There are 2 protein chains.
Amino acid sequence: MPETSRQIADDIRARIYSGELAPGDRLPGEPTLVKQYGVAKMTANQALKLLVGEGLAVARPGSGTYVREFRPIRRVANDRLDKSRWSGGKSIWSADVEQRPLVTDVEVYEAEAPRQVARLLGLDAGAPVIVRRRRFVVEERPVQLATSFLPADLVRSSAVAQRDTGPGGTYARLAELGAEPVDFVEELRARMPSDDERQDLRLATGVPVVEICRTAFTAGRRPVEVTQMLLDAGSYVLEYRLSGSGATSAEMPAS
Amino acid sequence: MPETSRQIADDIRARIYSGELAPGDRLPGEPTLVKQYGVAKMTANQALKLLVGEGLAVARPGSGTYVREFRPIRRVANDRLDKSRWSGGKSIWSADVEQRPLVTDVEVYEAEAPRQVARLLGLDAGAPVIVRRRRFVVEERPVQLATSFLPADLVRSSAVAQRDTGPGGTYARLAELGAEPVDFVEELRARMPSDDERQDLRLATGVPVVEICRTAFTAGRRPVEVTQMLLDAGSYVLEYRLSGSGATSAEMPAS
DNA sequence: CAGTGGTCTAGACCACGTA
DNA sequence: ACGTGGTCTAGACCACTGT
């Protein structure tokens with residue numbers, strides 16, 4: 001009865017999971033489904049939309065609907081910490097290890113700190129900050145948008161306020177200013193993108209984004225940078241390494 | 001022309017962002033939209049579906065469509081490390097701090113290790129493992145599914161193989177066996193759930209999930225536990241704290 | 001029982017990609 | 001030029017919620 005589009009989607013989904021339809025393959029099109037299942041075109045359309053909505057398929061208007069490919073980039077949050085101790089790690093999701101995103105469209109300007117950012121930086125609302133926006137691209141495809149905020153009074157006169165931050169980047173400049181970041185907090189959540197975001201990242205419909213807010217602290221616990229990132233969830237696997245040096249006790253790890 | 005459902009969604013979205021429609025409020029229903037915009041009922045339906053698909057609204061058949069509420073749980077991955085140094089941290093997303101999920105439906109059994117898990121644990125394919133499955137619930141709603149795998153030869157005789165692992169939990173038992181986990185790697189990705197997963201977590205349509213795979217290592221770099229978690233993305237904010245003790249250099253942080 | 005969202009049909013027009 | 005997905009209409013039936 002009124003369950004048809006789901007069932008069609010189920011059938012196709014099974015064929016994807018079984019491997020009969022491999023990543024990149026073309027799915028049966030709407031006209032085919034109309035004939036095969038004896039349904040209206042719109043029902044076939046909705047069946048395909050379900051799969052697209054699950055992120056299993058991508059629709060290319062004028063061409064067809066295809067099994068989605070998942071070739072994520074691995075983002076290791078601890079990249080700048082000692083790598084030796086973690087060498088030889090195995091991972092659950094394979095990833096094109098050497099697909100490093102390229103930074104493009106760098107934009108730097110001074111502005112008033114948004115409320116939330118001011119709070120994180122310990123500034124008064126509306127205090128001046130240097131804003132650095134940039135876009136990360138892999139194989140022509142945008143995969144991440146990032147916006148950093150730094151206290152203008154701290155970095156205005158340094159290369160942090162320039163498009164090219166020089167050798168070592170922002171953190172090297174901060175170190176020269178006696179404000180080297182050594183501790184970081186990252187907060188993240190996943191959600192569906194807004195229409196704007198979907199366009200900015202050129203996302204297929206049905207792909208979630210990961211929103212990350214990172215705050216960088218000096219050894220003296222002073223927050224010196226807040227970065228907000230928006231990642232195409234279909235393009236990333238995130239990795240975090242936690243060292244429990246003084247791990248004494250023992251709550252549930254997974255709460 | 002054929003842009004109507006998007007425009008209706010745009011209108012309503014704007015009203016949500018402006019605050020005119022607050023979380024929990026009822027959206028205009030299909031019949032209302034049909035009259036207001038002079039469209040077919042199905043078009044009104046699709047407009048609402050767009051908002052649901054973005055995670056902005058939740059449809060309750062028979063009742064109405066409502067602005068979604070986002071009251072996330074905060075999961076701090078480093079919870080068992082020294083908290084002192086991170087005290088007084090501010091955060092970007094407010095969260096019901098003291099909403100600790102309850103563990104229910106614990107299930108423990110011995111089985112052959114799945115391929116991927118065996119790899120991570122450094123075991124032969126098909127080697128015996130103790131499997132611990134559990135479900136986390138907040139206010140009657142399931143928010144997380146977790147499955148842990150431990151080498152059976154290591155923990156079979158301990159309370160890890162029992163439903164109740166005793167005081168201090170699994171990690172305390174591992175410590176007693178001379179295999180205390182001190183280092184952890186978490187890999188995560190966000191994606192849309194399968195139909196099964198959507199039912200298990202009782203997810204509204206259009207809500208992504210976060211999949212986490214954590215591997216726990218002893219001081220000797222021996223992997224002793226692999227945990228796979230599936231979180232309702234709408235219910236969680238994840239927090240990671242990174243200490244860059246010996247942070248010498250300075251690549252782009254955000255790659 | 002009236003109102004709601006969920007789904008289906010049968011036919012139509014459009015913009016786009018591919019050949 | 002043809003086939004593809006994308007969308008709209010007008011009317012229908014269903015299962016569910018709430019009064």
Side-chain angles (χ1 to χ4, degrees), chain A residues 1-13 16 21 24-68 140 195 198-199 202-207, chain B residues 1-13 16 21 24-68 140 195 198-199 202-207:
Chain A
M1 339 290 250
E3 278 300 308
T4 322
S5 67
R6 291 196 125 79
Q7 296 206 354
I8 298 178
D10 287 348
D11 287 356
I12 301 178
R13 193 184 307 107
I16 293 175
L21 290 166
D25 281 2
R26 230 193 94 158
L27 302 185
E30 290 176 8
T32 313
L33 297 174
V34 166
K35 274 175 209 151
Q36 265 182 14
Y37 289 86
V39 296
K41 181 187 140 99
M42 241 216 138
T43 306
N45 183 324
Q46 303 223 20
L48 293 175
K49 266 213 174 63
L50 279 175
L51 297 169
V52 171
E54 290 172 27
L56 273 180
V58 188
R60 283 206 277 275
S63 167
T65 305
Y66 299 81
V67 181
R68 174 145 235 223
E140 313 270 300
D195 256 23
R198 184 175 293 127
Q199 288 190 343
R202 285 207 255 132
L203 294 175
T205 51
V207 185
Chain B
M1 330 304 255
E3 279 298 310
T4 322
S5 65
R6 290 197 127 78
Q7 296 206 352
I8 299 177
D10 287 348
D11 287 356
I12 301 178
R13 194 185 303 109
I16 293 176
L21 290 165
D25 282 1
R26 229 191 96 158
L27 302 184
E30 290 175 8
T32 312
L33 296 174
V34 166
K35 274 175 210 151
Q36 266 183 15
Y37 290 87
V39 296
K41 181 188 138 96
M42 241 216 136
T43 307
N45 182 323
Q46 302 222 20
L48 293 176
K49 267 214 172 64
L50 280 175
L51 297 170
V52 171
E54 290 172 27
L56 273 181
V58 187
R60 282 205 278 274
S63 167
T65 305
Y66 300 82
V67 181
R68 175 145 234 232
E140 314 271 299
D195 257 22
R198 185 176 291 128
Q199 288 190 343
R202 285 206 256 130
L203 294 174
T205 51
V207 185

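Keep in mind that what you see is a predicted model, and the values were worked out from it rather than measured. So you know, we letter chains A, B, ... as the sequences are listed, proteins then strands, and number each from 1.
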Problem set entry | Side-chain donor-acceptor contact under 3.5 Å, A:N45 with A:K49 | yes
Problem set entry | Separation of C:dG6 C1' from A:R6 CZ (nearest whole Å) | 9 Å
For this session: Let me know, please, whether A:A40 or A:Y66 comes out on the 5' side of the other along DNA chain C by nearest nucleotide.
Result: A:A40
Exercise. Nearest to the side chain of B:A59 - C:dG6, D:dG18, D:dG5?
Worked result: C:dG6
For this session: Starting at atom OH of B:Y37, determine the distance to atom P of D:dT7, rounded to an integer number of angstrom.
Result: 17 Å
Exercise. Looking only at side-chain N and O atoms, does B:T65 come under 4.0 Å of OP1 or OP2 in C:dG5?
Worked result: yes
Problem set entry | A:L27 CG - D:dG6 C1' separation (whole Å) | 16 Å
Problem set entry | Where A:E30 and A:A44 come nearest, the two heavy atoms and their spacing | O-CB, 3.8 Å
Problem set entry | Side chain of A:S63 - closest among C:dT18, C:dT4, C:dT9 | C:dT18
Exercise. Is a donor-acceptor pair below 3.5 Å formed from side chain A:K49 to base D:dG5, judging by atom type as modelled?
Worked result: no
Exercise. Separation of A:L50 atom CG from C:dG6 atom C1', in whole Å?
Worked result: 12 Å
Exercise. Separation of A:K35 atom NZ from D:dG3 atom C1', in whole Å?
Worked result: 11 Å
Exercise. To the nearest Å, how far apart are A:N45 CG and C:dC13 P?
Worked result: 18 Å
For this session: Look at the side chain of B:M42 and decide which nucleotide, out of D:dA10, D:dC8, C:dG5, has an atom nearest to it.
Result: D:dA10
Problem set entry | Heavy-atom pair of closest approach, residues B:L48 and B:P28 | CD2-O, 4.0 Å
Seminar exercise, completed: The side chain to side chain contact (heavy atoms under 4.5 Å, CB included) partners of A:R68 (sequence neighbours excluded) come to A:V58, A:A204, A:V207
Exercise. Nearest to the side chain of B:T43 - D:dC8, D:dG6, C:dG5?
Worked result: D:dC8
Seminar exercise, completed: Among C:dG5, D:dG6, C:dT9, the one nearest any side-chain atom of B:K41 is C:dG5
Problem set entry | Integer-rounded Å distance: C:dT7 P and A:D10 CG | 13 Å
Exercise. Atom CG of A:L48 to atom C1' of D:dG6: distance rounded to whole Å?
Worked result: 12 Å
Seminar exercise, completed: Sorted by chain and residue number, the side chain to side chain contact (heavy atoms under 4.5 Å, CB included) partners of B:K35 (sequence neighbours excluded) come out as none
